[in-house]
Amino acid sequence: MIRTLEIDSSWSLFLDRDGVINRRIPDDYVKNPEDFEFLPGVEEAIAFLAEKFRYIVVVTNQQGIGRGLMTTSQLEAVHRKMMDDLQEVGGRIDKVYFSPDLKNSKSFTRKPAVGMGLRARKELTGLRFRDSIMVGDTGSDMLFGKRLGMTTVLITQDIYEIRKCSELADFSFPDLISFARALFMRNGSGE
Ligand SMILES: [Mg+2]
């Protein structure tokens, strides 16, 4: 049973990037702006969500940097393109945090570790985890959100992933636009 999600304009939204905003590249990384492909409906979804949330924050693991397969400035170019494209359609991302660390590095920033969340709270005035939603496509994202006391939303079309995350995910939707629609339905159209 889905628990009702009551949010207001003081809430913040944390988004994972790969598999939520843009298409994942199997066994590779999005190294250049031209490799960045929005998933269907995402630009529209973020434009809607931008009206609803105080902050929209991207938190993304990018160990391609740690592995030497891409540079920080390449990643920044990708994020600039992502933010520019979203801005063009009325969307907004307030801040992007990334962790360049390797999977087995005992990183404090790589999800499911909470470093990127703590940094966001420090830098964004008024951001509160209990009034935040973490949206991601893996159990690691859900654990990150739960460790910080956020509401968690799993974006996947994989029934096995849903089952695997059933303890950690408060809600599940097939894609970001379905999540955005559900929020607007539950809270009225705002008119
Ligand atoms: Mg992901």
Side-chain angles (χ1 to χ4, degrees), residues 12-39 42-43 45-46 49 55-87 91-124 127 129 132-158 160-162 164-165 167-169 172 175-176:
S12 295
L13 183 65
F14 284 77
L15 297 175
D16 169 46
R17 200 196 79 182
D18 299 319
V20 173
I21 296 177
N22 61 285
R23 203 176 292 285
R24 296 169 90 144
I25 304 181
D27 303 317
D28 203 354
Y29 304 93
V30 179
K31 301 192 205 77
N32 299 292
E34 54 271 27
D35 303 331
F36 186 92
E37 186 193 343
F38 283 104
L39 286 165
V42 160
E43 290 158 287
I46 293 181
L49 293 166
Y55 296 117
I56 300 183
V57 180
V58 169
V59 281
T60 179
N61 288 346
Q62 294 297 332
Q63 69 162 346
I65 294 176
R67 293 177 63 187
L69 299 173
M70 61 193 286
T71 63
T72 301
S73 58
Q74 275 178 291
L75 183 68
E76 282 165 354
V78 169
H79 290 159
R80 221 166 12 250
K81 179 211 161 35
M82 171 180 78
M83 291 165 96
D84 288 350
D85 287 355
L86 288 171
Q87 205 148 22
R92 183 190 90 238
I93 285 170
D94 297 291
K95 200 95 188 181
V96 178
Y97 296 98
F98 66 90
S99 175
D101 296 341
L102 298 173
K103 208 172 221 158
N104 299 315
S105 63
K106 298 214 170 78
S107 167
F108 178 65
T109 54
R110 185 179 165 84
K111 292 174 293 182
V114 296
M116 292 191 281
L118 296 179
R119 208 175 137 200
R121 185 176 63 180
K122 202 168 158 191
E123 292 179 356
L124 301 172
L127 184 144
F129 293 136
S132 293
I133 301 175
M134 174 65 206
V135 178
D137 68 333
T138 64
S140 157
D141 298 313
M142 300 301 96
L143 186 54
F144 168 85
K146 278 296 153 202
R147 281 175 169 169
L148 292 168
M150 300 187 208
T151 298
T152 51
V153 172
L154 180 67
I155 297 292
T156 189
Q157 302 187 16
D158 180 346
Y160 296 102
E161 195 66 28
I162 294 174
K164 219 173 75 191
C165 294
E167 298 283 304
L168 288 170
S172 171
D175 45 36
L176 195 65

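Values below: all heavy atoms of this structure, side chains included; hydrogens, waters and symmetry mates excluded. On a predicted model such as this, the values are computed, not experimentally measured, just so you know.
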Dump the intermediate steps for side-chain contact (heavy atoms from CB on, under 4.5 Å) on Glu161 and Asp137, then the final yes or no.
CA-CA 9 Å; Glu161 195 66 28; Asp137 68 333; over 6 Å; no
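- You'll find the side chain of Leu176 reaches within 4.5 Å of the side chain of Leu15, heavy atoms only.
- No more than 12 heavy atoms of other residues, nucleotides or ligands sit less than 6.0 Å from atom CG of Asn104.
- Smallest separation of non-hydrogen atoms from Leu148 and Gly117: CD1-CA, 3.9 Å.
- For Gln87, the CD atom is loosely surrounded, since the number of other residues' heavy atoms within 6.0 Å does not exceed 12.
- Expressed to the nearest 0.5 Å, how far CG of Leu49 lies from CD1 of Ile56 amounts to 5.5 Å.
- Side-chain contact between Thr156 and Lys164: absent, with no pair of heavy atoms (C-beta onward) separated by less than 4.5 Å.
- The two atoms that bring Met142 and Leu168 nearest to each other are CB-CB, 3.6 Å, heavy atoms only.
- When atom types are taken as modelled, the side chain of Arg147 and the backbone of Pro112 share a donor-acceptor pair closer than 3.5 angstrom.
- Between atom CG of residue Leu143 and atom CD of residue Glu167 there is a gap of 12.0 Å, rounded to the nearest 0.5 Å.
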Could you please spell out the steps behind the side-chain contact (heavy atoms from CB on, under 4.5 Å) verdict for Asp175 and Val42?
CA-CA 8 Å; Asp175 45 36; Val42 160; over 6 Å; no
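- Looking at every heavy atom in both residues, Ile133 comes nearest to Met150 through C-SD, 4.2 Å.
- Of the possible polar contacts, one joining the Asn61 side chain to the Lys111 backbone as a donor-acceptor pair under 3.5 Å is found.
- Taking CZ from Arg110 and CD from Gln63, the interatomic distance works out to 4.5 Å, rounded to the nearest 0.5 Å.
- Judged by distance alone, with hydrogens and angles left aside, the side-chain atoms of Asp85 form no donor-acceptor pair with the main-chain N or O of Met82 at under 3.5 Å.
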Determine, step by step, whether Ile21 and Phe36 satisfy the side-chain contact (heavy atoms from CB on, under 4.5 Å) criterion, reporting the C-alpha distance in whole Å, the side-chain angles of both residues, the deciding distance to 0.1 Å, and the verdict.
CA-CA 10 Å; Ile21 296 177; Phe36 186 92; 4.0 Å; yes
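- Listed here is the closest heavy atom pair of Arg23 and Val30: O-CG2, 4.4 Å.
- Summarising the geometry, atom CE belonging to Met70 is positioned 4.5 Å from atom CG belonging to Leu75; distances are rounded to the nearest 0.5 Å.
- Here the shortest heavy-atom pairing between Arg121 and Leu127 reads CG-O, 3.7 Å.
- Other residues, nucleotides and ligands place more than 12 heavy atoms under 6.0 Å from the CD atom of Glu34.
- A 4.5 Å side-chain heavy-atom check between Asp18 and Gln62 finds at least one atom pair inside the cut-off.
- In this model, no donor atom of one side chain and acceptor atom of the other lie less than 3.5 Å apart for Ser107 and Ser105.
- The CG atom of Asp94 lies 10.0 Å from the CG atom of Leu13; values are rounded to the nearest 0.5 Å.
- How far NZ of Lys146 is from SG of Cys165: 12.0 Å, rounded to the nearest 0.5 Å.
- Side-chain polar atoms of Gln74 and Tyr29 form no donor-acceptor pair below 3.5 angstrom.
- Among all heavy-atom pairs drawn from Gly136 and Asp16, the shortest one is CA-CB, 3.7 Å.
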Let's go through Thr152 and Phe14 carefully: what are the C-alpha distance in whole Å and the side-chain angles of both, what is the deciding distance for side-chain contact (heavy atoms from CB on, under 4.5 Å) to 0.1 Å, and is it a yes or a no?
CA-CA 9 Å; Thr152 51; Phe14 284 77; over 6 Å; no
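- Put simply, the side chain of Met134 reaches to within 4.5 Å of the side chain of Val59, judged on heavy atoms.
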